[in-house]
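One is the number of the first residue; the rest follow in order along the sequence. All values derive from a computational prediction rather than experimental measurement. The basis for the numbers below is simple: all heavy atoms, side chains too, and nothing from hydrogens, waters or symmetry mates.
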Amino acid sequence: VRLSDLPDGEIGRLVRLDGDRAFRRRLMELGLLPGTPVRVVRRAELGGVLELEVRRARLTVRASEAGLLFVAR
């Protein structure tokens, strides 16, 4: 499933990153590597932003970017 489709509080294991090479590289530098558990902490009601927990760190990504990340529940 797409990371953007996970409900708040649920954890998924990152399976695949789509998008252009620079985008994938930036996310990998932030610790979003295949096999990494990712938890959706919450989403902003306005603005389309998701707060994620990855390797004990909090990151925010746009909902459109989260739609390019695929996770297994």
Side-chain angles (χ1 to χ4, degrees):
V1 294
R2 294 180 189 276
L3 182 60
S4 58
D5 295 336
L6 274 185
D8 292 358
E10 190 161 333
I11 297 174
R13 186 166 303 278
L14 192 59
V15 177
R16 189 176 87 218
L17 291 88
D18 284 350
D20 65 15
R21 184 176 180 182
F23 171 72
R24 291 191 318 265
R25 181 180 206 165
R26 180 173 59 95
L27 292 180
M28 286 186 198
E29 288 171 351
L30 292 172
L32 286 163
L33 301 167
T36 304
V38 178
R39 182 171 72 96
V40 177
V41 176
R42 63 183 170 166
R43 40 187 103 235
E45 292 182 25
L46 299 174
V49 177
L50 281 77
E51 182 179 354
L52 309 174
E53 185 175 71
V54 180
R55 300 178 192 258
R56 302 172 118 189
R58 298 272 173 111
L59 308 172
T60 55
V61 296
R62 295 180 190 103
S64 60
E65 293 173 337
L68 297 173
L69 307 176
F70 292 86
V71 296
R73 292 186 171 177

Is the closest side-chain heavy-atom distance between Leu50 and Thr60 below 4.5 Å?
no
Picking from Val54, Leu32, Leu59, what satisfies side-chain contact (heavy atoms from CB on, under 4.5 Å) with Leu27?
Leu32
So do the side chains of Glu29 and Arg24 get within less than 4.5 Å of each other, counting heavy atoms only?
no
Check whether any side-chain heavy atom of Pro7 sits under 4.5 Å from a side-chain heavy atom of Val40, and report yes or no.
no
Got more than 12 heavy atoms from elsewhere within 6.0 Å of CZ, Arg58?
yes
Are Leu14 and Phe23 connected in the hydrophobic side-chain network, where two residues link if heavy atoms are under 4.5 Å apart?
yes
With the side chain counted from C-beta on, respond yes when Val41 and Asp8 share a heavy-atom pair under 4.5 Å apart, and no when they do not.
no
Rounded to the nearest 0.5 Å, the CD1 atom of Ile11 sits from the CD atom of Glu53 at a distance of 7.5 Å
Determine whether a donor-acceptor pair (N or O, by modelled atom type, separation under 3.5 Å) exists between the side chain of Arg2 and the backbone of Leu68.
no
Quick one: CG on Leu3 to CZ on Arg16, what's the gap to the nearest 0.5 Å?
13.0 Å
Interatomic distance, CG@Leu52 vs CD@Glu65, rounded to 0.5 Å, equals 10.0 Å
Donor-acceptor contact present, side-chain Arg43 to main-chain Glu51, <3.5 Å:
no
What pair of heavy atoms forms the shortest contact from Ser4 to Gly67, and how long is it?
OG-CA, 3.5 Å
Go through the side-chain N and O atoms of Arg13 and Thr36 and say whether any donor and acceptor fall under 3.5 Å apart.
no
Flag side-chain contact, heavy atom, 4.5 Å: Asp18 against Leu69
no
Test: Arg73 and Glu10 ion pair at under 4.0 Å:
yes
When you group the ILVMFWY residues by side-chain heavy-atom contacts below 4.5 Å and let the links chain together, are Leu17 and Val61 in the same group?
yes
